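Starting from 1, each residue takes its place in the sequence as its number. Bear in mind that the values here come from a model prediction, so they are computed numbers and not experimental data.
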Amino acid sequence: MGLEGEQVHQSGSGWSPVYVEDNLAVMSVGFLLGSPDDAVIWRGPKKNGMIKQFLRDVDWGEVDFLIVDTPPGTSDEHLSVIQYLSGAHIDGAVIITTPQEVSLQDVRKEINFCLKVKLPIIGVVENMSGFICPKCKNESQIFPPTTGGAEKMCSDLGIPLLGRVPLDPNIGKSCDTGKSFFTEIPDSPATLSTLIIQKIQEFCSQRH
């Protein structure tokens with residue numbers, strides 16, 4: 001996001017999030033650390049308390065979408081977010097995977113978790129889905145989908161596949177420099193992921 005070194009300020013209405021642009025605000029534990037190299041060594045109750053603060057004490061204002069980026073797995077963080085936002089009627093979860101089976105095994109558990117806590121699943125996105133050579137335009141499978149990848153998993157479980165994002169080193173460069181990939185490399189095949197965003201927006205608008 002290009003926000004390294006930014007700090008959170010407190011006002012009468014609560015913590016003020018850090019703005020990337022006029023229509024994009026961010027809150028992160030990273031803003032509260034003394035150094036970007038500091039480790040966050042917290043037990044469950046402290047982590048849960050911070051999640052609650054980020055949701056309750058941050059002056060988000062009027063937002064169209066609140067996106068919570070969680071770590072992989074089915075841990076305290078996921079339960080806490082669902083519990084604290086239960087009254088807000090969460091639209092759903094977007095689940096990210098890569099094509100190889102070792103990733104799909106974790107994602108199946110995440111899907112099972114969503115079903116058990118009755119969290120709607122908007123769909124699955126397959127990241128790093130093939131590498132398209134910028135010169136010859138041929139596609140190579142860096143992470144081969146040995147068991148059929150996200151497409152077969154979604155078909156077996158009856159869950160929508162929102163789309164695939166191919167592997168592009170320029171995405172990593174954009175993240176490192178804190179610049180928007182869509183504006184920096186608009187002709188990359190990965191920019192077709194805007195179609196994924198449209199599907200998510202359509203799902204949310206139908207629920208509302």
Side-chain angles (χ1 to χ4, degrees), residues 1-6 17-31 33 36-37 40 54 63-73 77-78 81 91-108 110-111 121-154 159-204:
M1 292 289 188
L3 299 177
E4 193 170 318
E6 294 285 347
V18 178
Y19 281 84
V20 183
E21 297 176 2
D22 290 341
N23 64 345
L24 179 59
V26 176
M27 180 56 80
S28 169
V29 173
F31 298 145
L33 302 178
D37 297 326
V40 180
F54 279 179
V63 295
D64 296 317
F65 297 96
L66 178 67
I67 301 170
V68 181
D69 183 19
T70 63
E77 291 93 331
H78 303 78
V81 169
D91 286 314
V94 177
I95 299 175
I96 314 297
T97 186
T98 50
Q100 68 270 42
E101 178 60 23
V102 68
S103 175
L104 295 170
Q105 287 176 1
D106 280 342
V107 165
R108 289 188 192 98
E110 188 74 49
I111 291 170
I121 298 172
I122 299 174
V124 174
V125 176
E126 187 175 77
N127 196 19
M128 301 183 185
S129 181
F131 170 72
I132 299 175
C133 175
K135 292 186 178 179
C136 68
K137 305 301 181 186
N138 285 331
E139 183 175 354
S140 304
Q141 295 297 332
I142 308 295
F143 302 109
T146 52
T147 57
E151 184 173 8
K152 184 174 188 307
M153 180 192 71
C154 289
I159 293 170
L161 176 65
L162 297 174
R164 300 180 176 87
V165 180
L167 194 63
D168 188 332
N170 290 308
I171 295 179
K173 289 179 182 176
S174 295
C175 290
D176 287 344
T177 56
K179 296 179 179 176
S180 170
F181 174 73
F182 291 105
T183 55
E184 292 291 306
I185 323 286
D187 57 344
S188 166
T191 56
L192 293 175
S193 57
T194 51
L195 298 174
I196 296 172
I197 298 169
Q198 289 172 10
K199 290 179 182 178
I200 295 170
Q201 288 176 320
E202 287 169 6
F203 180 95
C204 294

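- Heavy-atom contacts from other residues, nucleotides or ligands closer than 6.0 Å to CD of Glu151 number 12 or fewer.
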Query - Evaluation steps, side chain to side chain contact (heavy atoms under 4.5 Å, CB included), between Phe203 and Val94 - result: CA-CA 11 Å; Phe203 180 95; Val94 177; over 6 Å; no

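- Atoms CZ and CD1, from Phe182 and Ile197 in turn, are 4.5 Å apart once rounded to the nearest 0.5 Å.
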Requested in this report: Given side-chain hydrogen bond (donor to acceptor under 3.5 Å, both in side chains), test Glu101 with Thr147 step by step and report yes or no.
Outcome: CA-CA 6 Å; Glu101 178 60 23; Thr147 57; 2.5 Å; yes

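- Side-chain N or O atoms of His78 include one that pairs as donor or acceptor with a backbone N or O of Pro71 at under 3.5 Å.
- For the pair Ser129 and Arg164, the tightest heavy-atom approach, listed with the atom from each and the gap, is OG-CD, 3.1 Å.
- Residue Ala190 comes nearest to Ile171 through the heavy atom pair CB-CD1, 3.9 Å, listed as atom of the first residue, atom of the second, then distance.
- Annotation: the span from Ile96 atom CD1 to Asp106 atom CG amounts to 14.0 Å, rounded to 0.5 Å.
- Leu167 and Ile142 make their closest contact through CD2-CG1, 3.8 Å (heavy atoms, listed as atom of the first residue, atom of the second, distance).
- Panel note: side chain Glu126, backbone Ala150; a donor-acceptor pair is recorded below 3.5 Å.
- Taking both residues in full, the closest heavy atoms of Pro186 and Thr183 are given as CD-O, 3.7 Å, listed atom of the first, atom of the second, then distance.
- Across all their heavy atoms, Pro99 and Leu104 have their closest contact at O-CD1, 3.6 Å.
- Rounding to the nearest 0.5 Å gives a distance of 8.0 Å between CD1 of Ile196 and CG of Leu161.
- In this structure, Ser188 and Asp168 have side chains that are in contact, with non-hydrogen atoms separated by less than 4.5 Å.
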Query raised in the report: Between Met1 and Leu24, does a side chain to side chain contact (heavy atoms under 4.5 Å, CB included) hold up when you go through it step by step?
Result: CA-CA 10 Å; Met1 292 289 188; Leu24 179 59; 4.3 Å; yes

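- Atom CG of Asn127 sits about 9.5 Å away from atom CZ of Phe143, to the nearest 0.5 Å.
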Report task. Just do the side chain to side chain contact (heavy atoms under 4.5 Å, CB included) check on Met153 and Ile111 with the steps written out, would you? Result -> CA-CA 11 Å; Met153 180 192 71; Ile111 291 170; 3.9 Å; yes

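- Residues Glu6 and Phe31 come closest through the heavy atom pair O-CD2, 3.7 Å.
- Of the inter-residue distances, the one linking Thr194 atom OG1 with Gln201 atom CD reads 10.0 Å to the nearest 0.5 angstrom.
- With a 4.5 Å cut-off on side-chain heavy atoms, Phe131 and Pro169 count as touching.
- Checked against Leu162 for a side chain to side chain contact (heavy atoms under 4.5 Å, CB included), the options Leu195, Ile200, Val124 give a single hit: Ile200.
- For the pair Thr191/Ile185, no side-chain contact is recorded, criterion being any heavy-atom separation below 4.5 Å from C-beta on.
- The environment of CG in Asp22 is sparse: at most 12 heavy-atom neighbours from other residues, nucleotides or ligands sit within 6.0 Å.
- In this structure, CG in Leu66 is found 11.5 Å from CE in Met27, a value given to the nearest 0.5 Å.
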